[in-house]
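Some notes on the structure that comes next.
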Amino acid sequence: MSELRDAALRSRAWPFEEARRLLDRVRRNPPAKGHVLLETGYGPSGLPHIGTFGEVARTTMIRTAFEAIADIPARLVCFSDDLDGMRKVPDNVPHPEMLREHLQRPLTAVPDPFGTHASFGDHNNAMLRRFLDTFGFEYEFVSATDFYRSGRFDAVLLRAAERYDAIMAVMLKSLREERQQTYSCFLPIHPETGRVLYVPIRHVDPREGSVTFTDNRGREWTVPVTGGHCKLQWKPDFGARWAALDVDFEMYGKDHATNTPIYDAICEILGGRAPEHFVYELFLDQHGEKISKSKGNGLTIDEWLAYASRESLAHFMFQKPKTARRLHFDVIPRAEDDYHAHLRAFTGQEMAQRLDNPAWHIHAGRPPASRMVVPYSMLLNLASVVATPDPARLWAFIRRYAPEAGPASHPDLDAAVGHAVAYVRDFVLPARRFRAAGEREAAALADLAARLAHWEGVADPEALQAVVYAVGRDHGFEPMRDWFRALYEVLLGASEGPRFGGFVALYGIAETRALIARALAGELAA
RNA sequence: GGGCGGGUAGCUCAGUGGUAGAGCACGUGACUUUUAAUCAUGUGGUCGUGGGUUCGAUCCCCACCCCGCUCACCA
C-alpha cells in the first residue's frame with residue numbers, strides 16, 4: 001500500500017472521513033456501473049450563489065479524497081432542476097413583467113430575460129457552468145428537462161406509477177391533513193398552458209403509465225407520466241433521481257436534513273439504494289443571520305472574487321463544513337492569508353500532515369508554492385493608506401519590503417495587489433471626504449508646492465519628509481500634528497495617512513504639486 | 001416539539017487525551033521630526049456547568065444551562 005493511501009486511510013480531515021464511508025459502501029456492495037457517482041443539485045430559479053459553489057467545491061474534495069484511497073473511478077454529476085416551475089419572479093433580473101406571464105412554467109420554458117440563451121433556465125445553467133468552469137471543476141452537467149424528455153427517467157417514472165400507493169404513504173405521513181387532501185407526487189404539465197400543476201390526481205394508471213387530473217377550468221386530462229409530461233414533486237424527485245442515476249453520495253444543507261429519511265425511502269421504493277449523505281451547516285451573514293437569496297445578505301461569488309482569489313474561497317469552503325460560519329467581507333483577508341500560510345507549510349510537512357492541510361484538498365494533492373511574500377491583510381492596509389487605485393503604485397510600496405518581488409515572478413501576489421486596489425476603489429475612495437484648506441494651511445501648502453518645484457535630484461523619502469516638516473515649522477503649526485492632519489484631510493480626504501515624505505516620493509513630486517494645486521483651487525473638496 | 005451547530009484571551013476564531021494558540025485590539029521598545037503601512041516584545045483564559053472514563057480531560061462519554069440555526073407551506 002502506498003504511503004499516500006496508508007495515510008489517507010487514517011486522516012481525520014473530513015473529506016477523507018467521507019471518502020472512507022463511501023469506500024465502505026462500495027466494498028460491501030460494488031456498484032454495477034463500475035464507478036462511484038457523486039451528485040450535487042442546483043435550482044436554477046436564480047443566479048448561482050455561493051452556497052451552490054460551496055457544495056460543488058466540497059463534493060469535489062470528497063471525490064479527490066476518494067480517488068486517493070480507492071481503485072474505483074468517481075464521477076460528479078451536477079444536476080439542474082430546470083423543469084421546475086417558476087414560482088416567483090426574481091427581483092434582480094430585467095423584464096419582470098414579461099416573466100410574470102410565464103409563472104409556473106418550467107424554467108426551461110420561460111424566455112431568457114437577458115436575451116442571451118434559449119430560456120431563463122438555460123441562462124442560469126450557463127451561469128452556473130461558467131462559475132464551475134472558472135474553478136476548473138470536473139463534472140458532468142445534467143439538465144432535468146433533458147433527463148425527463150430524453151426518456152432516461154422513464155423506467156423509474158413508470159415504477160413510481162406502479163408503486164404510487166407506497167410513495168404516497170411515505171409522503172402523506174409527512175404532511176398535514178389539509179395538504180394531504182391535494183397532494184400528489186406527480187405534477188402534470190398542462191398540455192395547453194405548459195404550466196406545472198399542483199393539482200390532485202384523480203387516477204393513476206400504472207399499466208398505461210398515465211395520470212388523470214382536472215384543470216382549473218374543469219376539463220379532464222390524461223397525460224403520460226413519462227417523457228417530460230409530468231414532473232415529480234421535489235421530495236420524490238430527489239429520491240427518484242437517486243434511483244435513476246444510481247447516486248452514491250449527495251450532500252446538502254441542514255435545511256434538508258429532516259427530509260433525508262423521506263428521500264431515502266422513495267429511492268428504495270423505486271428500487272434504488274439510498275446514497276451516503278453529508279449535511280453541512282448553512283452560512284450566516286455578519287449578524288449571524290442565515291444567508292438567503294431573497295434577503296440579499298451575505299456575499300456573492302463575484303463579490304468574493306473581486307477582492308480575493310478563487311483558492312481563498314475554496315479554502316473557506318474547506319473549513320469546518322459542519323459549523324455555521326459567517327460569510328461576509330471581513331472573513332476574506334483571513335481566508336486569503338490562511339490559504340497561503342497552508343501553502344507555505346505544505347512543503348516541509350510529512351504525508352499525514354499534508355493530508356490534513358487544506359492546500360492538499362484545494363489543489364487535489366498538488367498545491368503550488370506560495371509567492372505571497374506580503375500578507376494580504378497588509379496589502380489592504382497599505383492600499384488603504386496610500387489610497388491608490390493603481391496597482392503599479394502599490395507595487396512600488398511592496399518593493400520597499402520585498403525588493404525581489406515583481407508582478408511576473410509573483411503572480412499570486414500580483415493578483416492580490418489587483419484585489420487590494422479593487423477594495424480601495426470600491427470602499428476607500430468613495431469614503432474620502434476632502435475639506436478646503438484654511439488660510440494658514442493654504443499658505444503652507446503653496447509654500448510646500450514652491451519648494452517641491454525647486455527640488456533637484458532623487459526623490460528621497462527622508463529628505464522630502466524634512467522639507468514637509470520644515471514647511472510646517474516655518475508656518476507656525478503647533479502641535480506639528482495639525483500640519484500633517486491638514487495634509488491628509490485636504491489632499492487625501494482622510495484624517496490619517498502615510499508618512500508624507502514617503503508618499504511624495506512614491507506619488508511623484510510633480511504629481512504632488514498638481515494635487516496641491518487642485519486642492520488650492522477647490523477642486524478636491526467640491 | 002424534532003434535528004443540527006456553537007459556548008476557548010477584550011473581539012473574531014484556530015486547536016490537541018500529556019504545561020493553552022493565532023489575528024486584531026491593548027502595553028512597551030526600535031525613528032531628535034504627526035501617524036503606522038514595518039519589526040521586536042509583553043499583558044491577557046478555573047477552554048459554559050456538574051458528573052463519569054483515565055495515571056492524566058479543554059478534547060472522549062452522560063446530564064444540564066445558555067446562544068444560534070433549521071424543519072414542520074414551498075423548494
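Because the structure is a prediction, the values reported are computed rather than measured. Every chain is numbered from 1, with letters handed out A, B, ... down the list of sequences.
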Taking the P atom in each of B:U54 and B:U49, what is the distance between them to the nearest angstrom? 23 Å

Counting any heavy atom closer than 4.0 Å, what does A:Arg87 reach on the DNA or RNA strands: base, sugar-phosphate only, or nothing? sugar-phosphate

Hits for ring-ring contact (aromatic ring centres under 6.0 Å, His included) against A:Phe278, two or more places apart or cross-chain, chain-then-number order -> A:Trp14

note: A:Gln104, atom CD; B:C74, atom C1'; distance rounded to Å ~ 11 Å

Determine whether the aromatic ring centres of residues A:Tyr307 and A:Phe329 are separated by less than 6.0 angstrom. yes

Between P of B:A75 and CG of A:Asp255, the distance in whole Å: 13 Å

Between A:Arg241 (CZ) and B:A75 (P), how many Å, whole number? 13 Å

How many whole angstroms separate atom CG of A:Asp337 from atom C1' of B:C24? 13 Å

Specify the separation, in whole Å, of atom OH of A:Tyr252 and atom P of B:U70. 18 Å

Qualifying residues under ring-ring contact (aromatic ring centres under 6.0 Å, His included), relative to A:His102, sequence neighbours excluded: none

Spacing of the P atoms in B:G68 and B:C73 (rounded, Å): 25 Å

Compute both the distance and the angle, then confirm whether A:Arg354 meets the cation-pi test with A:Phe346: under 6.0 Å from the six-membered ring centre, within 45 degrees of the axis. yes

In whole angstroms, how far is the C1' atom of B:C74 from the CG atom of A:Leu197? 16 Å

Quantified in whole Å, what is the P atom distance between nucleotide B:C61 and nucleotide B:G5? 12 Å

Are A:Lys88 and A:Asp91 within salt-bridge range, i.e. N to O under 4.0 Å? no

Using 4.0 Å as the upper bound for N to carboxylate O, is an ion pair formed by A:Glu17 and A:Arg20? yes

Distance check, P atoms only: B:C11 and B:C26, in whole angstrom units. 15 Å

Residues A:Asp356 and A:Arg10 bridged, charged N to O under 4.0 Å: no

Sequence neighbours excluded and cut-off under 3.5 Å, please list the side-chain donor-acceptor pairs for residues 231-243 of chain A, or say none.
from	atom 1	to	atom 2	distance (Å)
A:Lys231	NZ	A:Asp81	OD1	3.2
A:Lys231	NZ	A:Asp237	OD2	3.2
A:Asp237	OD1	A:Tyr148	OH	2.6
A:Asp237	OD2	A:Arg241	NH2	3.3
A:Trp242	NE1	A:Glu39	OE1	3.3
A:Trp242	NE1	A:Glu250	OE1	2.8

Parsed dot-bracket for RNA chain B after applying the Watson-Crick and G-U rules with both distances under 3.5 Å and | for other-strand partners is (((((((..((((....[..)))).(((((.......))))).....(((((..]....))))))))))))....

Could you give the NE2-to-P distance, from A:His340 to B:A22, as a whole number of Å? 22 Å

Between CG of A:Leu284 and P of B:G68 the distance, given in whole Å, is 12 Å

Using the P atom as the point on both nucleotides, what is the distance between B:G44 and B:G10, in whole Å? 11 Å

To the nearest 0.5 Å, how far apart are CG in A:Asp482 and NE2 in A:His475? 15.0 Å

Nearest to the side chain of A:Gln233 - B:U70, B:A75, B:C73? B:A75

Output for pair (A:Leu175 CG, A:Gln181 CD), nearest 0.5 Å, gives 10.5 Å

Please determine if A:Glu18 and A:Arg58 form a salt bridge, counting it only when a charged side-chain N lies under 4.0 Å from a carboxylate O. no

Look at A:Glu281 together with A:Lys322 and state whether they make a salt bridge at an N to O cut-off of under 4.0 Å. no

Nucleic acid footprint by protein, nucleotides 1-17 of chain B - heavy-atom cut-off 4.0 Å, B for base, S for sugar-phosphate alone: -BBBSS-----BSSS-S

Can you give one letter per nucleotide of nucleotides 34-39 of chain B, 5' to 3': B if a protein heavy atom sits under 4.0 Å from the base, S if only from the sugar-phosphate, - if neither? BB-BS-

Classify the nucleic acid contact of A:Asp81 as base, sugar-phosphate or nothing, counting any heavy atom under 4.0 Å across all strands shown. sugar-phosphate

